[in-house]
Number of protein chains: 2
Amino acid sequence: MRLSTKGRYAVTAMLDLAIHHGEGAVTLADISEAQGISLSYLEQLFARLRKNGLVEGIRGPGGGYQLSRPPTEISVAHVIDAIGEGVDVTLCGGKTDCQEGERCLTHELWQQLGGRIHEFLEGITLDSFLKRKNVNAVVRRQQNDLAVETPRLRKTVA
Amino acid sequence: MRLSTKGRYAVTAMLDLAIHHGEGAVTLADISEAQGISLSYLEQLFARLRKNGLVEGIRGPGGGYQLSRPPTEISVAHVIDAIGEGVDVTLCGGKTDCQEGERCLTHELWQQLGGRIHEFLEGITLDSFLKRKNVNAVVRRQQNDLAVETPRLRKTVA
DNA sequence: TATTTCCTGACTATTTTACTTGGTTATTAT
DNA sequence: ATAATAACCAAGTAAAATAGTCAGGAAATA
């Protein structure tokens with residue numbers, strides 16, 4: 001179990017898609033601009049999200065990405081798992097091979113904790129995340145601000 | 001909020017102290033040997049744990065570290081906070097300074113999630129962690145195995 | 001005094017993160 | 001057709017975090 005800024009990037013980007021779910025595709029360029037994340041870095045993250053079936057990419061003009069499932073069916077855990085965090089749970093499994101087999105039982109402890117955190121994150125869907133407070137409105141306002149600053153309007157927003 | 005192997009090291013080491021709470025001090029050398037963590041690395045971690053008042057160090061022969069509070073009053077969150085994980089919650093606060101002040105509101109979202117995970121970890125004490133299943137017995141058995149392998153017995157164990 | 005053990009600081013290697021560069025392919029609009 | 005758009009792909013780089021090393025203290029005990 002691992003949780004760092006990388007996961008945050010992925011989750012915030014997915015929230016962007018969740019907000020526009022049903023309104024067509026959102027381009028990575030837009031997300032990049034709106035959230036200050038490098039475009040190519042986003043591409044790398046979305047490659048994984050796509051391979052894990054969380055999003056689908058649409059090529060060509062008017063294309064972009066959209067959720068392949070409704071936001072009620074995508075959890076934060078899904079996102080974090082997809083980008084490759086939360087694989088190596090034991091300290092021994094990787095490089096320092098568990099010497100005796102019995103030695104590594106404190107790690108099993110940790111695995112329990114990791115499991116519980118995972119369950120916790122499974123319970124938080126993109127949808128439920130957005131529904132807290134007036135967050136949705138706030139994010140939309142951000143994007144309006146952006147649209148005013150830059151000549152470039154997001155196509156999917158009327 | 002960040003959760004990685006570093007925190008795991010600290011938590012497992014603290015569990016070791018929790019097991020021997022009330023039985024005297026445990027040396028870092030013992031923890032290092034038992035769990036395969038570099039001694040100097042442990043020293044760095046414990047420097048932070050000590051500065052945050054979670055443990056106290058006792059110098060000289062027969063010395064070592066012990067919890068400064070009972071295991072029922074130390075949470076996993078305490079440990080993780082102490083070693084410096086979970087400080088930089090916002091993406092903007094650090095280097096990429098938040099451009100407009102309004103722009104960074106998706107991060108506030110994430111802060112909510114980080115907060116909830118933190119609350120969750122606050123609810124897990126070292127004590128409750130050990131009481132799950134027969135874990136305590138297992139860890140003790142590990143240490144017996146160790147004692148048999150190496151001529152060096154842990155002093156604090158009768 | 002000698003040993004043990006904490007304590008400190010600085011330095012190194014590895015890994016991960018975040019980003020860059022330079023392309024290709026599919027799709028749409030002109 | 002052709003040009004523009006935007007997903008896709010691969011490789012390499014810079015900065016940071018992680019994990020560990022080294023070399024020496026300073027306090028307590030025997």
Side-chain angles (χ1 to χ4, degrees), chain A residues 2-10 12-13 17 24-33 35-51 54-66 68 80 83-88 91-92 94-96 152-156, chain B residues 1-10 12-13 17 24-33 35-52 55-66 68 80 83-88 91-92 94-96 152 154-156:
Chain A
R2 185 186 296 149
L3 248 172
S4 67
T5 45
K6 192 179 178 181
R8 234 178 292 169
Y9 275 135
T12 45
L17 294 199
V26 179
T27 70
L28 291 189
D30 283 339
I31 298 177
S32 167
E33 232 177 316
Q35 288 169 14
I37 310 173
S38 134
L39 177 61
S40 294
Y41 194 41
L42 276 175
E43 285 179 342
Q44 288 170 33
L45 294 180
F46 272 79
R48 297 199 163 192
L49 294 172
R50 194 174 56 87
K51 277 165 192 160
L54 295 183
V55 299
E56 51 189 36
I58 299 159
R59 292 187 176 190
Y65 280 97
Q66 55 191 197
S68 46
I80 285 174
I83 57 169
E85 308 206 320
V87 200
D88 175 25
L91 289 174
C92 39
K95 44 185 178 178
T96 315
R152 187 155 185 253
L153 277 166
R154 173 168 288 185
K155 284 170 195 164
T156 57
Chain B
M1 191 61 206
R2 185 187 294 148
L3 248 171
S4 68
T5 45
K6 192 177 178 182
R8 235 178 290 168
Y9 275 136
T12 45
L17 295 199
V26 179
T27 71
L28 291 188
D30 283 339
I31 297 177
S32 168
E33 232 177 317
Q35 289 169 14
I37 310 170
S38 132
L39 177 61
S40 294
Y41 194 41
L42 276 176
E43 285 178 341
Q44 287 170 35
L45 295 179
F46 271 80
R48 296 201 162 190
L49 294 172
R50 194 175 56 87
K51 277 166 192 161
N52 283 76
V55 299
E56 50 189 37
I58 300 158
R59 292 185 176 189
Y65 280 98
Q66 56 191 197
S68 47
I80 285 174
I83 58 168
E85 308 206 320
V87 199
D88 175 26
L91 289 175
C92 38
K95 44 184 178 179
T96 315
R152 187 159 185 251
R154 175 166 287 184
K155 283 170 196 162
T156 56

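The sequence lines fix the lettering, A, B, ..., with proteins before strands; numbering per chain opens at 1. Note that the structure is predicted; figures quoted are calculated from it, not measured.
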Any residue meeting side chain to side chain contact (heavy atoms under 4.5 Å, CB included) with B:L45, in chain and number order, not counting sequence neighbours: B:K6, B:Y9, B:I83

Short side-chain N/O contact from A:Y65 to OP1 or OP2 of D:dC8, under 4.0 Å: yes

Distance in angstrom units between A:L39 CG and C:dG23 P, rounded: 17 Å

Report all interatomic pairs (protein N or O, nucleotide N or O of nucleotides 24-30 of chain C) with separations under 3.5 Å.
residue : atom : partner : partner atom : Å
C:dT25  : O2   : A:R59   : NH1          : 3.2
C:dA26  : O4'  : A:R59   : NH1          : 2.7

Sugar-phosphate, base or nothing in reach of B:L28, heavy atoms under 4.0 Å: sugar-phosphate

Integer-rounded Å distance: C:dA18 P and A:L45 CG: 9 Å

Polar pair under 3.5 Å, donor/acceptor by atom type, side chain B:E43, base C:dC6: no

Under-4.0 Å side-chain N/O to phosphate OP1/OP2 contact, B:R50 with C:dC6: no

Approximate separation, where rounding is to 0.5 Å, of B:Q44 CD and B:L49 CG: 12.0 Å

Where A:A25 and A:G62 come nearest, the two heavy atoms and their spacing: CB-O, 4.3 Å

Under-4.0 Å side-chain N/O to phosphate OP1/OP2 contact, B:Y41 with D:dA19: yes

Whole-Å gap separating C1' (D:dA19) and CD1 (B:I37): 11 Å

Whole-Å gap separating P (D:dG20) and NZ (B:K6): 12 Å

A:L54 backbone acceptor or donor facing A:S68 side chain under 3.5 Å: yes

Side-chain donor or acceptor of B:S32 paired with backbone N/O of B:I37 under 3.5 Å: yes

Presence of donor-acceptor pair under 3.5 Å, side chain of B:T27 and base of C:dC6: no

Side chain to side chain contact (heavy atoms under 4.5 Å, CB included) assessment of B:Y65 paired with B:L42: CA-CA 11 Å; B:Y65 280 98; B:L42 276 176; over 6 Å; no

Interatomic distance, B:L39 atom CG to B:F46 atom CZ [nearest 0.5 angstrom]: 10.5 Å

Distance, rounded to the nearest Å, where B:L42 contributes CG and D:dA19 contributes P: 12 Å

Sugar-phosphate, base or nothing in reach of A:F46, heavy atoms under 4.0 Å: nothing

Polar side-chain contact A:Q44-C:dT20 base: donor and acceptor under 3.5 Å: yes

Atom-pair distance (CZ on A:R8; P on C:dT16), nearest Å: 18 Å

Whole-Å gap separating P (C:dC7) and CZ (B:R48): 16 Å

Value in whole Å for how far the P atom of D:dA27 lies from CD of B:E56: 17 Å

